[in-house]
Amino acid sequence: MRIPSGSFSKGNSRSFWNSAIISAKASENPYTNTILLPKTKFPLRAEAAKREHLFRDRCTKDLYPWQLKNNPKDLFILHDGPPFANGNVHSGHAMNKILKDIINRYKMLQGHKVYYRPGWDCHGLPIEIKALEQIRKKGKEATLSPTDIRKIAREKALFEVDKQRHSFKSWGVMGDWEDPYLTLSNDYEIRQLRVLTDMIKKGHIYRQLKPVYWSPSSKSALAESELEYKEDHVSKSIHVRFSLKELAPALKKKWDFHLKNQDLYALIWTTTPWTIPSNKAISVHPELNYSLVQVTDGDKKGTYIVGTDRVEAFKQEMEAYSVNVLDQVLGQELLGSTYQHPLNNGTMPIIGGDHVTAESGTGLVHTAPGHGMEDYEVCLEHNIEMMSPVDDAGCFTKEAGSELEGKMAFTDGNATVIELLKKNSALVIAQDYTHKYPYDWRTKQPVMLRATAQWFANVEHLQKQAVDNLKKIRMVPEVSVRRLEQFTLSRKEWCISRQRSWGVPIPALYDQDGKALLTENSVEYIIKILQEKGTDAWWEEQDDSIFVAPEYRDNGKVYKRGYDTMDVWFDSGTSWTMLRNMPGRDPQKPVADVYLEGSDQHRGWFQSSLLTSIAVTGKAPYGTLVTHGFALDERGQKMSKSIGNTLEPILITEGGKDKKKNPAYGSDVLRYWVANCEYTRDVSIGPSIISQISDNLRKVRTTARFLLGNLHDFKEEHYVDYDKLQGVDKYMLHELYKYNDRVTSAYNDFAFNRAVQTIQNFTNTTLSSFYFDTIKDRLYNESESSESRRMAQTVLYEVLKSYTTSIAPFVCHTAEEIYENYKAITASPESSVFKVGWLKSEEQWNNSDLNTKWSTLLHLKGEVNQVLEAARQEKHIRTSQEADISLYLDSESKLGELLGSMDSSELSSLFMTSQVNVIHGQSGTIQGESERESAVEGDTCKIVLSKSKHSKCPRCWNYHSTQDGSLCSRCSNVLSK
C-alpha cells in the first residue's frame with residue numbers, strides 16, 4: 001500500500017499512516033494487516049508543558065557532573081556574565097541563557113568537559129532601591145542604618161536569585177546550579193579586593209577631587225558605562241554677557257580707538273544656566289579670531305566679543321537689533337583680561353584653552369571647573385580653584401548664595417539663575433534647546449557633572465595593551481570589535497567609587513586632614529579582617545583602629561574609615577578571577593573560551609572585565625566574544641511595561657489562563673525561537689512568531705516520528721553494508737554527509753540560525769519531498785526482512801542518529817524524547833542523547849560522482865513532476881501511480897547513458913509512477929495524455945505521460961497488476977513467504 005505523498009510534507013495533525021489504515025478499513029481490504037506500516041509510541045503532539053519535565057534531569061542535573069567526569073577532551077569554559085539579581089526574567093534573559101546553553105551542549109557533544117557556573121550580580125543601586133521601596137511602604141526608611149540597608153538588600157538579592165534560577169533551569173539550561181557564583185559572597189568579595197590591591201600596587205588607582213558624572217536621583221557618582229543618552233532632552237540655553245574690567249594691552253588699544261567710553265562684554269553661551277554661580281573663568285582659543293560686535297539699540301546695547309566665525313549666527317539670534325562689526329582681535333590678545341561675575345561681583349580671568357572651538361556657541365566658553373571635565377583641566381593648568389555649590393541631591397548649597405540655597409539645580413535653581421541674570425542685565429538671550437543629554441540608566445533621570453572626591457582607575461595606562469589584546473580575540477559578529485575598541489579608547493579614567501551602602505567597600509582610611517591611606521600593605525591587612533568577619537564588618541565594627549595595620553599605628557595619626565563602595569562594574573568585571581588556575585586548563589589560553597552577552601556590555605562587563613584583567617595579568621580574559629542584540633516586539637519596538645508590549649517567557653512555556661489564546665508551548669519552542677534568531681541583531685518575539693516556531697518544531701517531530709515508526713523492527717544487526725545499498729540510498733548518505741558538515745560548520749561559526757535553516761531544508765526538501773517518498777513503497781510493501789527494506793532502514797537509522805544529535809543543542813527535551821524511543825536498537829544505549837557524541841559521517845558517503853548523477857536525476861524529477869501535475873489538473877490521472885512515463889532521448893546523450901545505467905523500478909520509485917520507459921533515438925510516436933520537452937543538464941528530453949494500462953494492486957496500490965482485484969507479482973511473492 002502506498003501512502004499519498006502529500007500527507008507527510010503538509011504536516012497534517014493526524015498521522016499520515018493512520019489515514020491509510022482508515023481508508024483500507026473502509027473498503028474492508030483483506031491485505032491491510034500485511035502492510036508494514038510505521039509503529040512508534042513517539043507522539044506527534046509534544047504536550048511539552050506536561051512532558052518536558054520527564055526528560056529534564058537527564059539532560060541537565062544528571063548530565064552536568066557526568067560530562068565533567070567522563071568526557072575525554074579538554075575543558076571548555078563559557079563564563080556567565082552575571083545578570084542583576086533584580087526583577088522577573090524577560091525575553092532578553094531567555095535569549096542570553098539559551099544561547100549559552102546551545103554553545104555548551106554543542107561543545108559537550110564534541111567531547112569537551114564543559115564548565116558553566118552561572119552567576120548573579122548582587123550589589124548596586126537597583127537592588128538597594130527595590131529593598132528600600134519595600135521598607136518605605138512601612139515608613140521606616142529614615143531610621144535605617146547602612147547595616148540595616150545591607151541586610152535588607154542581601155535578603156532581596158538572594159530572593160531574586162532563587163526566583164531567576166528557577167526560570168533559567170526551567171528552560172533546560174545546564175550548569176552548576178547548586179553552586180552559582182554570587183558577587184555578594186565573601187569568597188567573591190575578597191578576590192575582588194585582591195584585584196583592587198594588585199591595581200593599587202601597579203599604580204592604577206588614585207583619588208582626586210574632580211568633576212564626575214553625578215546622579216542626583218541616585219545620590220551617587222556614575223561611570224560612563226552607567227549612562228544612557230536621551231536624544232530629545234530639552235535644556236534652557238542662554239547667552240550671557242560678562243562685563244570686562246581690565247583689558248589686555250592689545251585689546252585695550254583697539255578698544256580705545258573705537259568706543260572706550262562704552263561697555264565691553266565677553267559673550268558666552270551655555271545650556272546649563274545652573275552652573276553660572278560656579279563660573280571661574282572664560283576660555284578662548286589663542287589662535288581663533290574674535291570680533292568686536294556693537295549692538296547700538298535697545299536693552300542689549302553694548303559691544304560684545306564674539307568668535308568671528310560665530311558672528312553671523314549671533315546676528316540671526318539678535319535679528320530685532322542693529323548689529324555692526326567694529327574690529328577683530330586674535331584670541332591671544334584677549335588673554336590677561338578680566339571680567340566681573342554678574343552674580344557675585346567677583347573678578348575672573350579670560351584664559352586660553354585648546355578645547356575651545358567655533359563650531360557652536362560664541363567661541364568663548366563659560367568655564368566652571370567644578371562642573372566640567374575640560375573646564376577642570378584648563379583651570380588646573382592655570383591654578384584656578386574649583387567651586388561646586390551643589391549637594392548630593394543636586395540642590396544648591398549656601399555657597400551659591402541665599403537666593404539659590406536649597407533649590408534643585410535642574411529645576412527651580414535653573415529658573416532662579418536666569419531671573420537673577422535678567423535682573424542684573426546680564427541675560428542677552430534665553431530659549432529652549434533640544435539636544436542629546438546623559439541620563440542615569442537605572443533611574444532614567446538626568447545627571448550632572450559635579451566635582452567630588454572620588455577613586456579612579458587610570459584607564460589610559462591600560463588602553464594600548466587592551467586594544468592590542470582585542471586584535472587576538474575572535475569576535476562574533478566581527479564588526480563588534482570596533483565598538484569595543486571605541487568604548488575602550490574613549491575612556492581615560494574609570495570612576496570606581498560609589499556613595500551607596502550596598503556594595504563592596506573601598507578599604508580606604510582617612511587621617512584628620514582627610515588624606516587617604518590606600519596602600520598595598522594597608523589593604524592586605526584589612527582584607528584579612530574582612531575575610532574572617534565578612535565585609536559587613538566594615539560597617540558593623542565600632543572601632544576604626546581595628547582596621548589600621550600595625551605599621552601605621554604609631555605615626556601620630558588617627559584614621560577613620562571611608563564608606564565609599566566599589567562600582568558594580570568593578571564587581572562583575574573581576575569575575576574572571578574565579579577561573580584562574582582551573583584544573584585541566586591550558587595556562588597559555590585565556591581564562592575563558594567564550595564570553596557572550598548583549599551589545600550593551602561593550603561599554604559594561606566586556607570592557608570592565610578586559611580592563612581589570614589587563615591591569616592584573618596583562619591578558620584579556622576571553623578568547624571569543626559573542627554579542628547578541630535585544631528582544632523587541634513583533635513590530636520591532638523596544639519592550640516596555642509602560643507600553644504593555646512585554647512578553648515574559650513563562651507565558652510561552654506555561655501559557656496563559658486562556659490556553660486557546662496563549663497555549664503552553666513548553667521550553668523547547670522558546671529554545672527553538674532563540675536558535676532561529678539572527679541573534680547578532682535585535683530580534684522580534686510575539687504570539688504569531690512563536691506560533692510559527694511551534695509549527696516548525698512540529699515538522700521536526702513529524703520527521704522524527706516517520707523515522708522512528710519505520711525503524712520499529714530494526715536492530716543494528718540488520719545494518720546493510722554501504723557497498724550493497726541501492727543508488728538512491730547511497731545518494732541519501734551523501735546528502736547526510738553534506739548535512740552533517742553544514743550543521744557542524746554553522747555551530748562552529750556560532751551561526752545557529754544557519755544551522756536551523758539547514759535542518760529545516762533537510763527536513764522539508766531532502767527527506768520529506770525526496771527520500772521518504774522514494775522509499776515508502778519498499779518500507780511498507782516489501783517483506784519485513786527483505787534486503788531492499790533493510791537498505792532503506794539502514795539509511796533511516798543513520799539519518800535518525802544525525803538528525804537527533806543535530807537538533808539536541810537547540811531542543812534538548814525533544815531530542816531526549818526521540819532518543820528514548822530508539823536507543824534500544826543501538827549497540828550501546830546511553831542514558832542521554834548527549835552522551836553519544838557529535839555527528840559522525842563515513843568518508844565513503846562523500847561521493848562526488850553520485851552527487852553529479854543525482855543532481856541530474858532530481859532535475860529530471862522536477863520536469864516529470866510538472867507533467868504529472870498538468871495531467872492531474874486536467875483530470876487525466878488522480879495520482880502519480882496511475883501514470884506511465886516515457887522519456888525520449890537522443891541516442892548518444894549523457895542523460896540517456898545515465899538513465900540506461902538504472903533499473904526501471906528505481907526510476908518509477910523516484911518519480912512515484914507505475915512505469916518508466918527510456919527510449920533512445922526516437923521522436924516520440926507514443927501518444928500520451930500530457931507531454932513536455934525539457935532541457936536537462938544540456939540534453940533534450942521529451943517527457944510523455946500516458947495512463948497506465950495495468951490495474952491497481954489492492955495491497956500496494958501500485959498499478960502493476962494484470963487484472964482488477966489481483967495482486968501484483970511482487971505482493972504475491974511477499975505473501976507467499
Side-chain angles (χ1 to χ4, degrees), residues 238-270 276 279-297 300-318 321-369 372 374-385 424-429:
I238 57 174
H239 286 71
V240 182
R241 61 186 189 183
F242 291 79
S243 181
L244 293 188
K245 299 290 289 180
E246 295 184 21
L247 305 184
L251 175 61
K252 186 176 187 307
K253 182 177 180 181
K254 290 190 177 184
W255 183 238
D256 287 344
F257 177 77
H258 291 290
L259 299 166
K260 63 179 180 179
N261 294 323
Q262 285 198 10
D263 293 326
L264 179 61
Y265 301 100
L267 185 70
I268 65 94
W269 174 79
T270 181
I276 293 293
N279 174 270
K280 286 290 186 176
I282 291 176
S283 299
V284 298
H285 197 294
E287 297 179 8
L288 282 179
N289 289 320
Y290 291 84
S291 295
L292 305 181
V293 181
Q294 185 181 47
V295 178
T296 58
D297 55 351
K300 305 300 187 294
K301 185 177 180 179
T303 301
Y304 301 84
I305 300 175
V306 180
T308 301
D309 290 343
R310 302 302 304 165
V311 169
E312 289 304 316
F314 178 63
K315 286 181 177 181
Q316 292 177 16
E317 297 283 2
M318 300 287 288
Y321 297 86
S322 176
V323 179
N324 301 307
V325 176
L326 300 179
D327 207 338
Q328 283 190 9
V329 294
L330 193 63
Q332 183 71 38
E333 297 175 316
L334 300 175
L335 303 183
S337 301
T338 63
Y339 63 92
Q340 181 177 309
H341 194 288
L343 298 185
N344 58 34
N345 292 324
T347 300
M348 314 295 182
I350 293 178
I351 59 177
D354 292 338
H355 65 290
V356 179
T357 72
E359 294 177 2
S360 62
T362 66
L364 295 91
V365 175
H366 148 59
T367 303
E374 289 176 327
D375 297 12
Y376 165 79
E377 290 173 349
V378 73
C379 285
L380 193 64
E381 294 175 8
H382 291 82
N383 296 315
I384 297 173
E385 292 184 358
N424 293 332
S425 300
L427 184 67
V428 178
I429 305 169

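Remember, it's a predicted structure, so these values are computed and weren't measured experimentally.
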Assign the ring pair Phe242 / Tyr339 to parallel, tilted or perpendicular, where the plane angle (0 to 90°) is split at 30° and 60°.
perpendicular
CD/Glu333 to NZ/Lys252 distance, rounded to the nearest 0.5 angstrom?
14.5 Å
Return the minimal non-hydrogen interatomic distance between Ser291 and Gln328, and the atom names on each side.
OG-CG, 3.7 Å
For the residue pair Ile429 and Met318, what are the closest heavy atoms and their distance?
CD1-SD, 3.9 Å
When Ile305 is tested against each of Ile268, Leu264, Leu267 for side chain to side chain contact (heavy atoms under 4.5 Å, CB included), which residue passes?
Leu264
Looking at every heavy atom in both Thr367 and Asp375, which two are closest together, and how far apart are they?
CA-OD2, 3.4 Å
Take Ile351 and Ile384 through the test side chain to side chain contact (heavy atoms under 4.5 Å, CB included) and record every step on the way to the result.
CA-CA 10 Å; Ile351 59 177; Ile384 297 173; 4.1 Å; yes
From Asp263 atom CG to Lys301 atom NZ, the distance as rounded to the nearest 0.5 Å
10.0 Å
Looking only at heavy atoms, the pair that brings Leu251 and Ser337 closest together is CD2-OG, 3.7 Å
Would you say the side-chain atoms of Thr338 pair up with the backbone N or O of Glu246, donor to acceptor, closer than 3.5 Å?
yes
What closest approach, in Å, do Ser360 and Trp269 show between heavy atoms, and which atom pair accounts for it?
OG-CZ3, 4.4 Å
Is the backbone N or O of Gly346 less than 3.5 Å from a side-chain atom of Asn344, with the two atoms forming a donor-acceptor pair by type?
yes
What do the steps show when you test Glu374 against Val378 for side chain to side chain contact (heavy atoms under 4.5 Å, CB included), and what is the final call?
CA-CA 6 Å; Glu374 289 176 327; Val378 73; over 6 Å; no
Distance from His366 atom NE2 to Met348 atom CE, nearest 0.5 Å?
11.0 Å
Tell me whether the count of non-hydrogen atoms from other residues, nucleotides or ligands lying under 6.0 Å of CD in Glu287 goes above 12.
no
Treating Tyr290 as the side-chain partner and Leu364 as the backbone partner, does any N or O pair qualify as donor plus acceptor under 3.5 Å?
no
Considering all heavy atoms of both residues, which atom of Leu288 and which atom of Ala358 are nearest to each other, and what is their separation?
CD1-N, 4.2 Å
How would you list, by chain and number, every residue that makes a ring-ring contact (aromatic ring centres under 6.0 Å, His included) with Tyr265, sequence neighbours excluded?
Tyr304
Determine whether His285 and Val365 satisfy the following criterion, side chain to side chain contact (heavy atoms under 4.5 Å, CB included), listing intermediate values before the conclusion.
CA-CA 9 Å; His285 197 294; Val365 175; over 6 Å; no
